Amino acid sequence: MLMNKKLTGFICMAMMITMALTACGGGNNAASNAGNKKDTEAENTLAAATEGPKYNFRLAETHPADYPTTKGDMKFAELVKEKSGGRITIDVFPSAQLGEEKSAIEQVQLGAIEFTRVSSSPLGEFNKEFGVFSLPYIFDNDDHVWRFLLGDAGNQLLDSLSSSRLKGLAYYSSGSRSFYSAKPLTSLEDLKGLKIRVQENQLNIAMIDALGASATPMSYGEVYSSLQTGVIDAAENNYPSYFSSKHFEVAGHFILDGHQRVPEVLMMSKTAWDKLSPEDQAIINEAALESVAFQREEWAKYEKESEEQVRAAGATITKVTDVTPWQEAVKPVIDANREQYKTILDAIDAAR
Ligand code: BDP
């Protein structure tokens, strides 16, 4: 963050000098001199970025290549390459080729993999603060989430990852999560007694208990076959994952209660980060932040498309019109954790 500001400050300063020269000199000559100067500065910046050690890093991603998070990762890699004049390259490994998320986080902590994009939910087991996103119904909508994420508290949360040997770079969109099953799901009552797969985070177990069902934590890659073979009766996710993982084929009833909004996190190994020069850290930081807008656009498109696709495939979609009974059912989970997450919950409320 700091380097980011410094670099931006430097660029502003360079622009101001160029503008001042143009204004003072007047006439065509001065303008073209200033133009030349600008070109030279740009070349110098590029030269500075191009000089230095070469790196080839790896980034672990759970989703396939056409998923919005993977597209965000690729955009990030492309920007890093561009900004470093081809000196820093990042190979994105989609479809959990480098392991499921829990294992990817562990490998990134150790520095065996340099980057990963994961969901905040499993991350909450490595950094307690991130558990806050697993608390149900704490956000009203996507705007509310982004107001929080892009504010000071959201940035501090990313920074807090350094105590877990991770360097948080940026958040990506992930919409809201809802339940789905092969059994009809049209009300809260229908969840009772079901075995529901959850992401690997203790708070999810408490949430499912409070809803009268029983939780089975497991990695994302195991969910399809577990639904198919009846190891679990239900799972929960957003439209894009429900569609992309083909879970809709084996769990055709989707009830839109939107219990969680769990942002995606792009991060780096702290060990790898600490070895980089401040200039290279700035390149990584800037590229990560610049990739966010692109990921959010891709997300919006894919969310719409996946809804259309699962509807066309015949999934039964029920919209929960009154979420109050659901919120009341899980209130004990919030109450039990209010004290621990007080500061972050206050910041989330303030972003409302
Ligand atoms: C998806 C997230 C992915 C998680 C998955 C899950 O994008 O990172 O692995 O949920 O449910 O929405 O585990």
Side-chain angles (χ1 to χ4, degrees), residues 59-74 76 92-108 113 115-126 130-131 133-134 136 139 142 145 149 166 168-181 196-205 207-208 215-227 231-232 234-248 250-251 254 256-267 292 295-296 298-300 302-303 305-307 310:
L59 189 155
E61 167 65 58
T62 279
H63 292 295
D66 65 348
Y67 197 88
T69 51
T70 320
K71 287 191 174 171
D73 305 335
M74 288 176 177
F76 164 61
V92 176
F93 290 82
S95 307
Q97 286 172 50
L98 302 182
E100 296 284 347
E101 295 195 349
K102 202 173 152 205
S103 148
I105 300 171
E106 282 163 0
Q107 295 182 71
V108 169
I113 301 176
F115 293 91
T116 189
R117 189 293 311 162
V118 292
S119 163
S120 301
S121 187
L123 193 52
E125 292 296 285
F126 294 81
F130 272 79
F133 296 114
S134 295
F139 290 107
D142 215 40
V145 178
L149 295 180
L166 300 163
L169 295 172
Y171 296 106
Y172 282 168
S173 268
S174 191
S176 69
R177 300 177 73 97
S178 295
F179 295 101
Y180 47 80
S181 174
I196 306 181
R197 178 270 171 170
V198 289
Q199 290 182 284
E200 292 159 298
N201 183 306
Q202 290 302 314
L203 288 167
N204 287 326
I205 303 179
M207 173 182 76
I208 297 295
T216 308
M218 67 171 71
S219 62
Y220 185 55
E222 289 175 79
V223 181
Y224 186 95
S225 62
S226 302
L227 282 167
V231 168
I232 50 170
E236 46 84 61
N237 222 313
N238 47 43
Y239 262 122
S241 287
Y242 180 52
F243 169 59
S244 159
S245 61
K246 301 197 166 47
H247 292 172
F248 68 94
V250 282
F254 198 20
L256 304 176
D257 70 296
H259 51 272
Q260 287 168 338
R261 291 177 182 270
V262 185
E264 314 285 12
V265 182
L266 180 64
M267 56 191 197
V292 173
Q295 192 275 342
R296 290 182 67 181
E298 289 298 314
W299 176 265
Y302 195 76
E303 193 175 42
E305 187 195 324
S306 39
E307 172 172 359
V310 296

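Only heavy atoms go into these numbers, but all of them, side chains included; no hydrogens, no water, no symmetry mates. Just so you know, these numbers come straight off a predicted model, no measurement behind them. Counting starts at 1 for both ligands and their atoms, in listed order.
- Ligand 1 has a nitrogen or oxygen under 3.5 angstrom from a nitrogen or oxygen of N237.
- Considering backbone and side-chain atoms together, H63 places an N or O closer than 3.5 Å to an N or O of ligand 1.
- Residue-to-ligand polar distances keep E236 apart from ligand 1: every N/O pair is separated by 3.5 Å or more.
- In the vicinity of E264, heavy-atom distances shorter than 4.0 Å reach the ligand 1 atoms 2 (C), 7 (O), 8 (O).
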* To do: Determine, stepwise, if the pair S219 / E222 fulfils side chain to side chain donor-acceptor pair (under 3.5 Å).
  => CA-CA 6 Å; S219 62; E222 289 175 79; 3.0 Å; yes
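- Of the protein's heavy atoms, R197 NH2, 2.9 Å lies nearest to atom 13 (O) of ligand 1.
- Contact record, S181 with A234: CB-CB, 3.8 Å, taken as the closest heavy-atom pair.
- Among the atoms of T62, none of the N or O lies under 3.5 angstrom from an N or O of ligand 1.
- Within the 4.5 Å cutoff, side-chain heavy atoms of P240 are placed close to those of W299.
- Protein heavy atom nearest atom 1 (C) of ligand 1, with residue, atom name and distance: S241 OG, 3.3 Å.
- Scanning the protein for heavy atoms near atom 8 (O) of ligand 1, the closest one is E101 OE2, 2.4 Å.
- The main-chain N or O of G131 is never found under 3.5 Å from a side-chain atom of E125 such that the two would form a donor-acceptor pair.
- By the criterion of a heavy-atom distance under 4.0 Å, neither the backbone nor the side chain of V223 is placed next to ligand 1.
- Listed by number with element, the atoms of ligand 1 under 4.0 Å from a non-hydrogen atom of R117 are 7 (O), 8 (O).
- Checked by distance only, ligand 1 and Y220 stay at 3.5 Å or farther apart across all their nitrogen or oxygen atoms.
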